[in-house]
Amino acid sequence: MENIIYKEEVCGRIAVVKEMDMPFGHYYTGYIEILHKDPFSWRNHVEMGKELFFDSWDEFGEFPGGVTFAGSFPNIESEEGFVGFDTEPFAPGEYTKEDCLDILKKTANILAIRTRAAQEAIASQKVENLGTKADKKPKNVGLLLEAVNDLANASAFNERDKKDKVSERLDSAGKNVTLFLVNELHVKPSDIAMFTILKTVLSEDDEDE
């Protein structure tokens, strides 16, 4: 037997917690809504019910045991469906209703940061392109969008004190920005390296003062 014990909108997405009372145990499951503004690949894999696809995305890293559900519920309206987790594999009582709610709220916040960063980057690019001929549009803007996504993830990981993940995402953002400068603006890699060195030296001088 299963019962929906929580269904509310969190950061613009529906979050659901179910209480599962089965012959083999009592546990909880949690689900977060996927929206039309999310990446197409997410929506596509939800439609196909391929939950394993989402385990490669850090945005769902809070899910205990990974993503175990991708699909829709006939009795809950949503834009694109849901991805979710279940706590059945864990010891009884290890994850409570409150724990599941906390996981869903953290995930919703991470997704909100990601969405906002992507929207701001796209809006900024549209403004920059006003009055610019089509053949002069940057060809490597995807690198900047990836960098923005990395920075959004780094911010979210920093709030959760996951320093190793923060460093990993910041390194990735730096590489994408460097590639953009080299490929789009034709900045020499040696100049970028020199700027980084000078920045570090000047920063150390400021700290000494």
Side-chain angles (χ1 to χ4, degrees), residues 1-119 142 145-146 148-150 152-157 159-160 162 164-166 168-169 172:
M1 181 178 179
E2 61 181 61
N3 292 306
I4 295 176
I5 57 175
Y6 180 89
K7 182 173 79 71
E8 298 289 343
E9 186 174 298
V10 180
C11 296
R13 299 169 187 270
I14 299 173
V16 177
V17 175
K18 289 184 178 182
E19 183 178 23
M20 314 294 284
D21 193 4
M22 300 298 183
F24 51 83
H26 177 269
Y27 60 98
Y28 297 94
T29 60
Y31 311 87
I32 196 73
E33 184 181 22
I34 298 299
L35 304 178
H36 184 69
K37 59 188 175 183
D38 288 327
F40 173 76
S41 61
W42 292 11
R43 290 142 43 201
N44 190 39
H45 282 80
V46 164
E47 183 178 353
M48 293 188 293
K50 294 187 175 182
E51 66 276 1
L52 294 178
F53 165 81
F54 293 93
D55 279 338
S56 62
W57 292 85
D58 290 329
E59 285 85 345
F60 305 99
E62 290 288 333
F63 285 13
V67 178
T68 58
F69 175 87
S72 59
F73 299 119
N75 56 337
I76 302 178
E77 291 186 9
S78 68
E79 286 191 15
E80 299 291 340
F82 294 84
V83 294
F85 63 89
D86 71 73
T87 62
E88 188 272 330
F90 300 91
E94 184 172 349
Y95 285 96
T96 65
K97 167 189 172 182
E98 288 72 24
D99 292 329
C100 292
L101 288 175
D102 187 50
I103 290 167
L104 292 173
K105 288 177 180 178
K106 287 180 179 179
T107 301
N109 184 54
I110 291 171
L111 294 175
I113 293 172
R114 183 193 191 285
T115 299
R116 185 166 59 250
Q119 289 175 336
L145 293 177
E146 287 295 330
V148 169
N149 183 45
D150 285 329
N153 281 325
S155 176
F157 285 130
E159 291 180 4
R160 289 144 55 200
K162 293 188 175 182
D164 56 333
K165 289 286 188 179
V166 172
E168 178 184 315
R169 287 301 178 175
S172 178

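Heavy-atom basis, side chains included; hydrogens, waters and symmetry copies ignored. For the single chain, residues carry numbers from 1 onward in sequence order.
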Legend entry - Beyond-backbone contact of Glu51 with Val83, side-chain heavy atoms, under 4.5 angstrom: no
Legend entry - Nearest atoms (heavy-atom pairs only) where Val16 meets Leu104: O-CD1, 3.4 Å
Legend entry - CD1-CD distance between Ile14 and Glu8, expressed to the nearest 0.5 angstrom: 10.0 Å
Inset, instruction - Look at the side chain of Asp102 and the backbone N and O of Asp99, then say whether any donor-acceptor pair between them is shorter than 3.5 Å. - result: no
Legend entry - Flag side-chain contact, heavy atom, 4.5 Å: Phe53 against Ser41: yes
Inset, instruction - Could you check Glu62, Arg13, Glu59 and say which one makes a side chain to side chain contact (heavy atoms under 4.5 Å, CB included) with Ile32? - result: Arg13
Inset, instruction - Look at the aromatic rings of His26 and Tyr28 and report parallel, tilted or perpendicular, splitting at 30° and 60°. - result: perpendicular
Inset, instruction - Please say whether more than 12 non-hydrogen atoms of neighbouring residues, nucleotides or ligands are located less than 6.0 Å from CZ in Phe24. - result: yes
Inset, instruction - Measure the spacing between CD of Glu98 and CG of Leu101 and express it to the nearest 0.5 Å. - result: 6.5 Å
Inset, instruction - Indicate yes or no: at least one non-hydrogen side-chain atom of Tyr95 is less than 4.5 angstrom from one of Phe85. - result: no
Legend entry - Separation of Lys7 NZ from Ile5 CD1 (nearest 0.5 Å): 14.0 Å
Legend entry - Nearest atoms (heavy-atom pairs only) where Leu35 meets Gly12: CD1-O, 3.8 Å
Legend entry - Whether Phe54 and His45 hold their rings parallel, tilted or perpendicular, with breakpoints at 30° and 60°: perpendicular
Legend entry - Test side-chain contact (heavy atoms from CB on, under 4.5 Å) applied to Met20 and Asp86, step by step: CA-CA 9 Å; Met20 314 294 284; Asp86 71 73; over 6 Å; no
Inset, instruction - Give a yes or no on whether the backbone of His36 and the side-chain of Glu79 come within a donor-acceptor separation of less than 3.5 Å. - result: yes
Legend entry - CZ on Arg116 to NZ on Lys37, rounded to 0.5 Å: 10.0 Å
Inset, instruction - Kindly indicate whether the side chain of Thr107, heavy atoms from C-beta on, has any atom under 4.5 Å from the side chain of Phe63. - result: yes
Inset, instruction - Under the side-chain contact (heavy atoms from CB on, under 4.5 Å) rule, what do Leu111 and Phe60 come out as? Steps first, then yes or no, please. - result: CA-CA 9 Å; Leu111 294 175; Phe60 305 99; 4.2 Å; yes
Inset, instruction - State whether the number of non-hydrogen atoms from other residues, nucleotides or ligands found under 6.0 Å of Met1 atom CE is greater than 12. - result: no
Inset, instruction - Answer yes or no: is there a side-chain heavy-atom contact under 4.5 Å between Cys100 and Glu19? - result: no
Legend entry - Cation-pi geometry met for Lys18 and Phe73 (6.0 Å, 45°): yes
Inset, instruction - Tell me, yes or no, whether the heavy-atom count around Glu47 atom CD, taken from other residues, nucleotides or ligands under 6.0 Å, exceeds 12. - result: no
Legend entry - Point-to-point distance, once rounded to the nearest 0.5 Å, from OG1 of Thr68 to CG of Leu52: 9.5 Å
Legend entry - Closest contact, heavy atoms only, Asp38 versus Trp42: CB-CE3, 3.8 Å
Inset, instruction - Identify the heavy atoms of Cys11 and Ala108 that sit nearest to each other, and give their distance. - result: CB-O, 3.8 Å
